[in-house]
Amino acid sequence: MIVFLLRRLLQSLAVMLAVALIAFTLFRFVGDPINGMVGQDATQAERDALRQNLGLNDSVVVQFGRFVGRTVRGEFGLSYQLARPVNQIILEKMPATLELSLVAGLIALLVGVALGVFTGLRPRAASSRFLLAVSLVGVSLPTFLIGILLILVFAVWLRWLPSYGRGTTEQFGWWTTGLLTIDGWRSLIMPAFTLALYPMTLIIRLVRAEMLEVLRTDYIRFARARGLTTRAIHFGHALKNTLVPVITVAGLQFGSVIAFAIITETVFQWPGMGLLFVQAVQNVDIPIMAAYLLVVSLIFVTINLIVDILYTVVDPRLRSTIQRPA
Amino acid sequence: MTEALVPHSAEPDAVSAHTGSATAHLFGRIVGSDIFYSFRRSRLTMVAAAITVLFFLLAILAPFLAVQNPFDPAQLQLMNSRISPLWTADGQSPFLLGTDEQGRDVFSAILYGLRISLTVGVLGVLLAGTLGISLGLIAGYFGGAVDGLIMRIADVQLTFPAILTALLINGVVKSVFGNRLDAMSTLAVLVFAIGLSFWVQYARTVRGSVMVEKNKDYVAAAQLIGLPAHVIMIRHVLPNTMGPILVIATINLALAIITEATLSFLGSGMPDTMPSLGTLIRIGNNYLFSGEWWVVAFPGFALAALILSINLLGDWLRDALNPKLR
């Protein structure tokens, strides 16, 4: 077990180093960093001095080492576009993304499990078939299309909900939250639902399949023979056993929810890290791209590590990997 | 999701059986096959197939069906701008689905956009497939360190959602070339980004099948008569792994089209001068609040219908090729 843990930890470190290498390559070889810092009229001598000062004349390996060192301390330099320290910008935008992802994740989990159990218990009912058909449509629609559709219906036609931004937010230290005001929640509903839809359908299908399988097993039949109530059998015995894979899949999905927030945030102009990243890609703002990449990879790798450890502890049968489309 | 359920060993003779038969005989075999029977049995699948074929035909015949070349400025007239669809009160012939701000016919724009979307999708799947199948064959056939290296890279890449990889590749290429890329090069970059984002699944599947196949007698026989490794891999082992590959390719086509549309929607895909469906949706999204819903709704509907049909075909193919589900 300890060997497994260590190996897994080393693997995660290797992934982070690989990502750091990509980020470093971005910095060092895509465009001349000097041009991004000095004005048009800097002389060659000034440029050379800056080059020397910044250590750009050292060997690539030394530079990479220094880059990793700075990254670990959370220093990513200045944004080309906004001319402010990148770590500040990222920290400002992070609460928006995390709140959105968290709420979306919870919606996906709660609604997903509830509907999954429902369709699993009544596999032949018209309502279940309808739900599954809708879920297939939900999987097929690209995230941004769902967002636009929601805006068209609820913001443009019905005028019930705001179509962009976070609404009123409140400040706690560096964390801004929109969860304490009605306005904030009104702004959150559509983006969170858009983001939740995909993992939700996934969880519905998973819980349904697991429920169907579990309900056929002998111990459920035995529980019935013992005369337990249907409710105790369904929720106490069957559901409990389906939750192990659900929790692991939900954990893995949370990572991609953060990545998919890129799309949702763009549609709803949600001021989070994803929107920041999209704008950085368009403006070739390399420090922000690199920092976003590193922060998101760190979140991914951490979640994957925790989930991997959890599921080898809890259920060694579950070793399939799930990838989600756009 | 769906991809995780792809069978790792599909019925081998379904694909390889008709390699030796004459063309006239082939038609009879296809019509008489289990697959075709299952196709005829599922009305939904037939509808999905019909819609998919229709979309491909529309894309191919676009220049003959469109009332104007929507991206030739000489054919656009501002007089015709902002016309609503034909069946509404202000509709005008020949603009079936209305026109946008610049007097561009939405129906024609969709036809031309469909061409771009399908081109990028098909080429992206071909690239991902070629790359993944080659690497999977090599990893599975040779094993050892090569296998370890390829599969570790695959593991790392699987940690990140494909959309993030594609967005990043796109961003890097863009920052290297600046914004000087013309439309055709952008298309190539998109194909490249999609190909590099989706190869992992092919590689894993092919590797799995190859590891099973390579211990069979026919491979030993081929080795004994002195055939070189690449001949054995391509001519003997590969055909037996084609079933699951076909399923992945179908579902991947939907994913590739979604990814392209998403990138274009986020502004890092096809430019306005040569728009795909995703670009059209991004452009239309700007007019959402001025009441011109048709500019975004119809491209969105076309995209959704296309993806849903392809997904339905993929789902059916997966079940039809899986002997366990018969």
Side-chain angles (χ1 to χ4, degrees), chain A residues 11-12 14-15 18-19 22 25-26 29-31 136-137 139-149 151-152 155-157 163 198 201-202 205-206 209 252 255-256 258-260 262-263 266-267 277-282 284-286 289 293 296-297 300-301 304 320-326, chain B residues 1-5 152-153 155-156 158-164 166-168 170-172 174-176 178-179 198 200-201 204 251-252 254-263 265-268 278 281-282 284-285 288-289 291 293 296-297 300-301 303-305 307-312 315:
Chain A
Q11 220 174 337
S12 307
V15 172
V19 175
I22 296 173
T25 317
L26 272 180
F29 298 105
V30 177
L136 186 67
V137 176
V139 171
S140 296
L141 287 178
T143 317
F144 66 93
L145 216 50
I146 294 166
I148 292 177
L149 198 69
I151 291 183
L152 185 64
V156 180
W157 286 346
S163 67
Y198 190 84
T201 47
L202 209 68
R205 282 163 174 260
L206 184 71
L252 286 176
S256 35
I258 290 178
F260 275 73
I262 295 176
I263 303 163
T266 310
V267 177
F277 179 68
V278 168
Q279 285 162 353
V281 168
Q282 274 158 19
V284 198
D285 195 339
I286 291 164
M289 276 165 76
L293 191 64
V296 166
S297 326
F300 272 8
V301 166
N304 277 339
S320 64
T321 327
I322 287 166
Q323 198 193 13
R324 59 177 289 193
Chain B
M1 39 141 268
T2 32
E3 309 94 287
L5 306 173
R152 282 301 79 72
I153 297 176
D155 284 347
V156 170
L158 213 53
T159 322
F160 298 91
I163 183 75
L164 193 60
L167 198 58
L168 188 77
N170 220 294
V172 171
K174 252 187 145 174
S175 33
V176 172
N179 285 332
F198 286 106
V200 175
Q201 240 194 329
R204 287 195 156 193
I251 293 172
N252 251 342
L255 286 184
I257 293 173
I258 293 182
T259 307
E260 185 280 324
T262 307
L263 288 175
F265 176 76
L266 294 179
S268 10
I281 294 169
R282 175 168 57 80
N285 195 28
L288 207 54
F289 286 92
W293 52 271
V296 64
F301 180 75
L303 181 66
I307 292 166
L308 187 62
S309 312
I310 298 176
N311 269 341
L312 284 172
D315 273 2

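Quick caveat, the model's predicted, so the values are computed rather than measured. Note that these values count all heavy atoms, side chains included, but never hydrogens, waters or copies made by symmetry. Quick note on labels: first sequence line is chain A, next is B, and so on, each numbered from 1.
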Q.
Heavy-atom pairs under 4.5 Å with chain A: which of Ala166(B), Ala261(B), Ala254(B), Gly278(B) has the most?
A. Ala261(B)
Q. So what's closer than 4.5 Å to chain B heavy atoms on Thr201(A): side chain, backbone, both or neither?
A. neither
Q: For Ser297(A) and Val19(A), work out which heavy atoms get closest and say how close.
A: OG-CG1, 3.3 Å
Q. For Gly267(B) and Arg282(B), which heavy atoms make the closest approach, and how far apart are they?
A. CA-NE, 3.9 Å
Q. At their closest point, which heavy atom of Ile307(B) faces which heavy atom of Pro142(A), and how far apart are they?
A. CD1-CG, 3.9 Å
Q) With a 4.5 angstrom heavy-atom cut-off, which part of Ile257(B) approaches chain A: side chain, backbone, both or neither? A) neither
Q: Would you please test Leu164(B) and Phe277(A) for side chain to side chain contact (heavy atoms under 4.5 Å, CB included) and show each step?
A: CA-CA 10 Å; Leu164(B) 193 60; Phe277(A) 179 68; 4.3 Å; yes
Q: Below 4.5 Å from any heavy atom of chain B, which atoms of Gln11(A) appear? Answer side chain, backbone, both or neither.
A: side chain
Q: Could you pull out the closest heavy-atom pair between Val281(A) and Leu167(B), with the gap in Å?
A: CG1-O, 4.5 Å
Q) For Leu149(A), is it the side chain, the backbone, both, or neither that has a heavy atom closer than 4.5 Å to a heavy atom of chain B? A) neither
**Q.** Part of Val137(A) within contact of chain B (heavy atom distance under 4.5 Å)
**A.** both
Q | Region of Ile148(A) in contact with chain B, defined by heavy-atom distances below 4.5 Å | A | both
